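For clarity, every value in this text was computed on a predicted model and none was experimentally measured. First listed ligand is number 1; within each ligand, the first listed atom is number 1.
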Amino acid sequence: MSKRPYIVGNWKMHGTRAMLAEARAIDRGAERLTKVEVAIAPPFTLIHAVRKEAELMGVGAQDVHPAEGGAHTGDVSAAMVKDAGADFTIVGHSERRADHGESNARVLEKAKAALAAGLNLIVCVGETEEERDAGKAEAVVSRQLSGSLPTGEELAEKITVAYEPVWAIGTGRTPTVDDVAAMHRHIRAKLVAIYGEAGAGVRILYGGSVKPDNAAELLSADEVGGALVGGASLTAESFLGIVIAAADLPRDH
Ligand code: PEP
């Protein structure tokens with residue numbers, strides 16, 4: 001895999017200005033660990049302030065509304081987060097799919113709006129425990145990819161996919177490395193079917209209870225190009241532990 005590993009922190013609904021010191025420390029770590037591409041997605045309210053701390057790391061949003069603007073009380077558009085300093089946004093996180101009833105079609109609208117505003121994208125997919133137990137994990141993820149990803153070979157370089165099994169998010173449970181590799185290979189085949197050759201270069205992140213002590217193992221699985229990290233991204237100490245694990249991966253991974 002030729003691209004640098006990509007380690008992204010999703011702060012979810014955590015963080016006030018008191019957490020800017022963590023953002024600063026993560027950025028200083030990123031400056032030392034240049035073998036890894038580092039980014040964090042703080043809540044909307046901190047995007048501008050985190051951008052000011054960020055010399056090297058990327059800064060992103062966790063969601064955007066599909067419309068450019070208008071009567072959507074409480075929502076935030078892609079152009080607004082771009083203006084605040086974001087260079088990417090997450091879309092389709094399972095917490096949004098569950099808490100806000102977001103369908104694949106809705107995620108696709110958001111993805112298109114983000115690209116139109118000049119943002120890069122992290123598109124999240126992943127099965128529930130019930131779906132995995134029923135042997136439907138690959139079919140569910142395939143449907144999410146077909147339904148949520150904007151098409152067009154030229155878009156592939158702006159897109160990252162995050163595979164996050166819902167049952168592994170925030171639970172301390174993770175799939176086996178073999179299961180991660182199998183799903184990532186499945187996603188790779190699907191990306192090549194959607195984007196042609198360009199699909200081979202799309203990074204596929206693993207997300208779900210990644211911690212400093214399991215990061216090396218999960219990141220070394222076949223076709224894993226980095227990690228989307230929730231809980232363990234909230235302090236510089238634990239997040240940089242994961243970044244260090246990524247920096248220590250063998251070069252040809
Ligand atoms: C996430 O929400 O994207 C996530 C992976 O969370 P955690 O690392 O806490 O499981």
Practice prompt. Considering the heavy atoms of Gly170, write down every atom of ligand 1 situated less than 4.0 Å from one of them.
Written response: 7 (P), 9 (O), 10 (O)
Worksheet item: Should the pair Lys35-Asp248 be classified as a salt bridge under the 4.0 Å nitrogen-to-oxygen rule?
Response: no
Practice prompt. Would you confirm whether Thr34, through its side chain, and Glu31, through its main-chain N or O, come within 3.5 Å as a donor-acceptor pair?
Written response: no
Item to complete: Answer yes when Glu129 and Arg173 have at least one side-chain N-carboxylate O distance shorter than 4.0 Å, and no when they do not.
Response: yes
Item to complete: Output yes when a side-chain donor or acceptor of Asn214 lies under 3.5 Å from a complementary backbone atom of Ser209, and no otherwise.
Response: yes
Worksheet item: By number and element, which atoms of ligand 1 are closer than 4.0 Å to a non-hydrogen atom of Gly208?
Response: 5 (C), 10 (O)
Worksheet item: Thinking salt bridges, do Glu53 and Arg24 make one under a 4.0 Å N-O criterion?
Response: yes
Practice prompt. Any atoms of ligand 1 less than 4.0 Å from a non-hydrogen atom of Asn10? List them with their elements.
Written response: 1 (C), 2 (O), 3 (O)
Worksheet entry | Minimum side-chain heavy-atom gap Ile204-Arg188 below 4.5 Å | yes
Fill in: Protein heavy atom at shortest distance from atom 8 (O) of ligand 1
Gly230 N, 2.8 Å
Response to the item:
Ranking Lys211, Arg173, Glu164 by closest non-hydrogen atom to atom 3 (O) of ligand 1, top hit is Glu164
Fill in: Protein heavy atom at shortest distance from atom 1 (C) of ligand 1
His93 NE2, 3.3 Å
Worksheet item: With under 30° as parallel and over 60° as perpendicular, where do the rings of His184 and Tyr163 fit, or are they tilted in between?
Response: perpendicular
Response to the item:
Atoms of ligand 1 under 4.0 Å from any heavy atom of Gly231, numbered from 1 in the order shown, are 7 (P), 8 (O), 9 (O)
Fill in: Any donor-acceptor N/O pair, Ser148 side chain to Leu145 backbone, under 3.5 Å
no
Item to complete: Decide whether an N or O pair under 3.5 Å exists between Ser209 and ligand 1.
Response: yes
Worksheet item: Considering only protein heavy atoms, which is closest to atom 2 (O) of ligand 1, and at what distance to one decimal place?
Response: Lys12 NZ, 2.5 Å
Practice prompt. Decide whether the shortest distance between a heavy atom of Ala168 and an atom of ligand 1 is less than 4.0 Å.
Written response: yes
Fill in: N or O contact, Ile169 vs ligand 1, cut-off under 3.5 Å
no
